[in-house]
Amino acid sequence: MAIEGPLKELGIHDVFQLLDLSKKTGVLRVTSQLRRNQGAVWLQSGSVIYAEIRSNPHPLGELLVRSGKVAEADLRLARSQQEQGDARKIGEILISVGAITAGELERQVRFQVEEVIFEMMSWHEGYFSFEEDDQSVPGDASTRIRTEALLMEGARRIDEWSRMERKIPHVGVVPALTAAVAGEEGELDLLPTEWELLAMIDGLRDVRGIAKSLSKSEFDVARTIFGMESAGIVTILARRSSSHPVVIEEDTTDQRIAEAEGALRERDLEGARSVIEMALSDQPHDARLLLTMGRVHLAAERAEDAEETLRRALRLDSSLALGHRLLGDALARQGRLKEASAWWGHWLQLNEETDAEDVTTEHVQGAIKAAQTLDAFLKA
């Protein structure tokens with residue numbers, strides 16, 4: 001039996017809980033048009049056994065080499081054996097030739113699966129579908145992770161990210177050593193893993209790049225850097241636009257929104273969409289970015305997409321008066337006049353009228369009256 005629907009109706013956490021409680025075996029596929037991403041999770045009796053995602057399509061063998069767990073020569077040997085007819089998976093061959101232990105392989109597979117799950121848990125829009133399937137799991141190895149444990153860890157990460165985002169708003173920021181500690185490593189009291197990370201900080205690599213180089217999760221790297229910043233060991237720089245990093249400003253989000261609004265004024269819808277999509281990939285829970293994306297959808301005459309995005313923005317911050325009015329516009333374009341009037345009414349109650357918007361209270365009041373009149377006429 002297939003289970004499917006939009007994430008705005010049933011959140012991804014609820015989907016995982018449902019599959020866990022009902023002990024389902026099969027494949028869960030989740031697609032996010034906003035992120036242009038797609039992930040798939042294989043479950044067995046409610047537990048996660050494998051996962052993959054479009055944004056990180058690297059096979060397990062490549063990840064093992066990049067993380068330094070396996071020599072490239074051993075990987076080539078394993079692939080050569082497969083080409084000669086060896087039916088075993090890459091992981092099984094690597095274990096048999098002594099390139100990696102079974103325990104280390106299990107840890108690497110588990111890490112890969114968990115990172116996919118935690119990425120998907122941050123999606124609040126998109127579409128999911130689940131199909132029961134007893135076929136073999138793809139990939140080079142499999143693990144077994146209790147879904148309940150993943151949900152708890154996912155919730156913990158979301159909570160901790162909310163506390164770190166004041167200093168690390170997205171994984172594109174670049175850490176650099178402060179002048180006070182540069183060249184004085186011997187005086188620092190750090191754990192071995194912290195020294196390892198500190199050695200990667202050069203003022204050029206961003207959080208995402210450091211995580212990939214160390215084969216660690218972006219969350220763990222960001223958390224360690226956050227602690228180092230609090231201790232005065234590192235400072236946070238903006239994403240590099242050239243060979244010289246620039247110190248990050250607190251209004252980075254404002255700058256991106258302003259850039260998108262400028263593109264909208266020039267009717268460069270693709271440019272506006274690109275700016276906001278990039279910003280949302282780093283800060284998917286920023287209500288103002290979602291609000292701006294809603295404006296882009298409206299300008300592109302995509303009322304349904306605008307409705308979904310604006311509802312997400314208002315769930316995150318219901319005080320965004322503009323969001324109420326724009327949601328009314330999106331509903332009106334779909335012919336849902338009664339709902340549109342209600343949201344326009346919310347805007348009037350919040351009483352936001354700015355010079356930046358060429359809309360006045362009289363305009364909105366007139367729109368409500370016209371919508372109510374037309375709605376009554378159509379019903380009659």
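Bear in mind that the values here come from a model prediction, so they are computed numbers and not experimental data. Starting from 1, each residue takes its place in the sequence as its number.
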For L77, all residues meeting side chain to side chain contact (heavy atoms under 4.5 Å, CB included), sequence neighbours excluded: Q81, V97
With sequence neighbours excluded, residues passing side chain to side chain contact (heavy atoms under 4.5 Å, CB included) with S96: R88, I93
Kindly work out whether a path of hydrophobic side-chain contacts (I/L/V/M/F/W/Y, heavy atoms less than 4.5 Å apart) joins [X] to [Y].
X    : Y    : value
L197 : W195 : yes
V41  : I3   : yes
F219 : M200 : yes
L28  : Y127 : no
V207 : L190 : yes

Cut-off 3.5 Å, side chains only: do [X] and [Y] have a donor facing an acceptor?
X    : Y    : result
Q38  : R29  : no
E270 : S274 : no
W343 : D329 : no

For the student: nearest non-hydrogen atoms of [X] and [Y], plus distance:
X    : Y    : value
L322 : R295 : CD2-CD, 4.4 Å
I12  : L7   : N-CD2, 4.0 Å
A260 : A272 : O-CB, 3.6 Å
E194 : M228 : O-CE, 3.4 Å
I276 : R256 : CD1-O, 4.3 Å
H285 : L316 : O-CD1, 3.3 Å

Qualifying residues under side chain to side chain donor-acceptor pair (under 3.5 Å), relative to E308, sequence neighbours excluded: none
Counterpart residues, side chain to side chain donor-acceptor pair (under 3.5 Å), relative to Q17 (two or more places apart): none
Gap between atom [atom2] of [Y] and atom [atom1] of [X] - 0.5 Å precision:
X    : Y    : atom1 : atom2 : value
I168 : I236 : CD1   : CD1   : 5.0 Å
I257 : L264 : CD1   : CG    : 11.5 Å
L177 : L198 : CG    : CG    : 5.5 Å
F128 : F16  : CZ    : CZ    : 11.0 Å

Heavy-atom donor-acceptor pair, T143 side chain to V109 backbone, under 3.5 Å: no
Donor-acceptor contact below 3.5 Å, side chain S22 vs main chain L18: yes
All salt bridge (Lys or Arg N to Asp or Glu O under 4.0 Å) counterparts of D268, not counting sequence neighbours: none
Set of residues satisfying salt bridge (Lys or Arg N to Asp or Glu O under 4.0 Å) with respect to D317, sequence neighbours excluded: none
Check against side-chain contact (heavy atoms from CB on, under 4.5 Å), E106 and F111: CA-CA 9 Å; E106 170 69 16; F111 168 77; over 6 Å; no
Pair L290-L310, side-chain contact (heavy atoms from CB on, under 4.5 Å): steps then yes or no: CA-CA 7 Å; L290 290 167; L310 291 166; over 6 Å; no
Within 6.0 Å of CD in E196, more than 12 heavy atoms from elsewhere: yes
Plane angle bin for H346 and H324 - parallel if under 30°, tilted between 30 and 60°, otherwise perpendicular: perpendicular
Criterion side-chain hydrogen bond (donor to acceptor under 3.5 Å, both in side chains) on Q112 and Q108, from CA distance to verdict: CA-CA 6 Å; Q112 183 182 12; Q108 292 300 313; over 6 Å; no
Test log, rule side-chain contact (heavy atoms from CB on, under 4.5 Å), inputs Q44 and R144: CA-CA 8 Å; Q44 188 174 77; R144 188 178 185 86; 3.1 Å; yes
Chi angles and distances behind the salt bridge (charged side-chain N to carboxylate O under 4.0 Å, His left out) call for D159, R156: CA-CA 5 Å; D159 180 63; R156 186 186 69 81; over 6 Å; no
Non-hydrogen side-chain atoms of W123 and N37 separated by less than 4.5 Å: yes
Carboxylate-amine/guanidinium contact E92 K89, below 4.0 Å: no
Cationic N near anionic O, under 4.0 Å, R157 to E115: yes
Chi angles and distances behind the side-chain contact (heavy atoms from CB on, under 4.5 Å) call for I95, I100: CA-CA 5 Å; I95 292 173; I100 192 172; 4.1 Å; yes
